[in-house]
A.B. asks: 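Before anything else, here's the structure in question.
All values below were derived from every heavy atom in this structure, side-chain atoms included, with hydrogens, water molecules and symmetry-related copies excluded.
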Amino acid sequence: MVKKIGILASGGNSPAMNNCIITIVKKCSSLNIESVLINEGFHGLLNENFTKPDVNFLSVFYDNGNVCIGTSRCPEFKEEKNQIKAYKILKKHKIDCLFIIGGNGSYHGGYALTKLGMHVICLPATIDNDINSTEKTIGFSTALNNIVTCIDSIKDSFDSHRGICLIEVMGRRFPDLAINAGIACGVEGIITSSNIMTVDDIVKLANETEKNGHRSCLIVVTEKIYGRDGLPTLNEIVAEVQKRTNRVSRADVLGYIQRGGTTTSEDRIMGNLMGAFSVDLAQKDNKSYSVDFINGRIVGTNLEKSINAPLKKEKIALLKDYFKYNKK
């Protein structure tokens, strides 16, 4: 029986992490389960940076894209000695179950603790939507909306100047943000690791869409593709594109604006529902789980199975169909 839980957020911040945290704390309180907040992710765990939750204080952050208890990336947690140290700290504080809210790296940290005997519940909070066992992750909706708003604004300027713009979005090479934002904004091109465009391809696309009446040519690019593996940087690409087309050509890296701002209703609801479900899951048995959204339902997936789930398939067919009619 779970009597005391710990909650930490790990990795990059993802909107609605706060909604998860608040819901878990409230539900635990209603069930007389003690909860402890672990500040600053795995770093905070290793340094015993623990606090008792104040629901009234936490609720101030309900609509924010930040993380009220802080988060961090912790490369040193990959070391076995630090995993053992963390496990001993959790046992010292009599924590029966650890709730980890984060992405792929956070899941691997949780799985390492599971192998040491810790009861762990992982909740998928990453804007990249790259947890393979779930169809949706917490924070994806807000990041997508932020990107769409930015692209709409960029289009105003590049329509005015007949310009060409390569817009880099986050995703860690995972294409869901790029594909969904590109389709939502009606852009001329979408670049993913399975659909890499050369300078020749971009020039051809820009010329073709201009002939068909498009004043601008906007291309959404998944991050971490160009500027490595022998490929030119975005700035090198747009310089050559401008030279060949004689049109204003720029690269725009959206960066951290994608991660913040007001959390969408979809993410708030998802964070709330997954948070509430996770508490029930923790009481089910002593096994470790990932909280997943599959076929319209929130379910628990064995954590080891989640870690080893096959990669999500990129929406290649969707892209091909989109490009068939969007150049016209």
Side-chain angles (χ1 to χ4, degrees), residues 1-74 77 86-103 106 109-110 113 118-127 137-139 141-142 259-283 289 291 298:
M1 185 67 180
V2 173
K3 295 181 179 179
K4 185 176 182 180
I5 67 144
I7 308 167
L8 68 78
S10 172
N13 68 291
S14 189
M17 280 181 162
N18 289 339
N19 302 80
C20 277
I21 294 164
I22 294 165
T23 300
I24 292 169
V25 168
K26 285 183 174 179
K27 183 154 187 177
C28 282
S29 178
S30 72
L31 297 171
N32 294 317
I33 298 171
E34 184 181 353
S35 57
V36 173
L37 303 178
I38 303 172
N39 302 296
E40 314 303 339
F42 285 110
H43 278 298
L45 173 54
L46 292 171
N47 292 295
E48 299 186 57
N49 186 356
F50 297 179
T51 55
K52 291 184 178 181
D54 178 339
V55 173
N56 290 328
F57 172 73
L58 291 176
S59 296
V60 172
F61 299 92
Y62 204 74
D63 62 347
N64 291 6
N66 67 351
V67 189
C68 57
I69 60 174
T71 185
S72 66
R73 303 189 190 278
C74 187
F77 202 78
Y87 175 77
K88 289 180 178 178
I89 288 170
L90 290 165
K91 289 304 176 183
K92 170 186 167 183
H93 287 269
K94 298 182 179 180
I95 291 174
D96 302 310
C97 184
L98 178 65
F99 288 66
I100 299 174
I101 305 168
S106 308
L113 291 172
M118 192 68 209
H119 186 193
V120 174
I121 304 293
C122 289
L123 294 96
T126 164
I127 66 168
T137 59
I138 299 162
S141 168
T142 303
R259 290 190 177 277
T262 302
T263 306
T264 63
S265 57
E266 181 179 359
D267 272 335
R268 296 184 204 189
I269 293 166
M270 184 68 72
N272 188 297
L273 294 178
M274 282 190 163
F277 182 85
S278 68
V279 177
D280 294 333
L281 198 57
Q283 297 183 98
Y289 292 97
V291 178
I298 296 174

A.B. asks: For side-chain contact (heavy atoms from CB on, under 4.5 Å), just list the numbers for Ile38 and Ile69, CA-CA rounded to whole Å, side-chain angles, deciding distance to a tenth of an Å, and then say yes or no.
C.D. replies: CA-CA 7 Å; Ile38 303 172; Ile69 60 174; over 6 Å; no
A.B. asks: Side chains of Lys27 and Ser278: closer than 4.5 Å at any heavy-atom pair?
C.D. replies: no
A.B. asks: Below 4.5 Å, heavy atoms only, C-beta onward: do Gln283 and Leu31 meet side chain to side chain?
C.D. replies: yes
A.B. asks: If you take all heavy atoms of Gly6 and Ile95, which pair is closest and at what distance?
C.D. replies: N-CG2, 3.5 Å
A.B. asks: Could you tell me whether the side chain of Ser29 reaches within less than 4.5 Å of the side chain of Val55, counting heavy atoms only?
C.D. replies: no
A.B. asks: Taking all heavy atoms of Cys28 and all of Ile5, pick out the closest pair and write down the distance.
C.D. replies: SG-CD1, 3.6 Å
A.B. asks: Around atom NZ of Lys3, are there more than 12 heavy atoms from other residues, nucleotides or ligands closer than 6.0 Å?
C.D. replies: no
A.B. asks: Are Phe50 and Leu45 close enough that some pair of their side-chain heavy atoms sits under 4.5 Å apart?
C.D. replies: yes
A.B. asks: Walk me through whether Ile138 and Asn19 qualify under side-chain contact (heavy atoms from CB on, under 4.5 Å).
C.D. replies: CA-CA 10 Å; Ile138 299 162; Asn19 302 80; over 6 Å; no
A.B. asks: State the CD1-OG1 distance between Ile101 and Thr126, to the nearest 0.5 angstrom.
C.D. replies: 13.5 Å
A.B. asks: Can you check side-chain contact (heavy atoms from CB on, under 4.5 Å) on Arg268 and Asp63, steps first, answer last?
C.D. replies: CA-CA 8 Å; Arg268 296 184 204 189; Asp63 62 347; 3.3 Å; yes
A.B. asks: Report yes if the side chains of Leu273 and Phe277 come closer than 4.5 Å at any heavy-atom pair, otherwise no.
C.D. replies: no
A.B. asks: Going by heavy atoms in the side chains, are Leu58 and Pro53 under 4.5 Å from each other?
C.D. replies: yes
A.B. asks: What distance separates Asn49 CG from Leu8 CG, expressed to the nearest 0.5 Å?
C.D. replies: 11.0 Å
A.B. asks: If you compare all heavy atoms of Cys68 against all heavy atoms of Ile21, which two are closest, and at what distance to 0.1 Å?
C.D. replies: SG-CD1, 4.1 Å
A.B. asks: Nearest heavy-atom pair of Pro15 and Ile127: which atoms, and what distance?
C.D. replies: CD-CG2, 3.8 Å
A.B. asks: Report yes or no: do Asn66 and Asn18 form a side-chain donor-acceptor pair below 3.5 Å?
C.D. replies: yes
A.B. asks: The test is side-chain contact (heavy atoms from CB on, under 4.5 Å); show your working for Leu113 and Phe77 and say whether it passes.
C.D. replies: CA-CA 10 Å; Leu113 291 172; Phe77 202 78; 4.0 Å; yes
A.B. asks: What pair of heavy atoms forms the shortest contact from Asp267 to Gly139, and how long is it?
C.D. replies: OD1-N, 2.9 Å
A.B. asks: Please say which of Leu123, Ile33, Asn272 ends up in a side chain to side chain contact (heavy atoms under 4.5 Å, CB included) with Ile24.
C.D. replies: Leu123
A.B. asks: Between Ser59 and Ile22, what is the shortest heavy-atom contact and its length?
C.D. replies: CA-CD1, 3.9 Å
A.B. asks: Taking side chain as C-beta onward, heavy atoms only, is Glu48 less than 4.5 Å from Lys92?
C.D. replies: yes
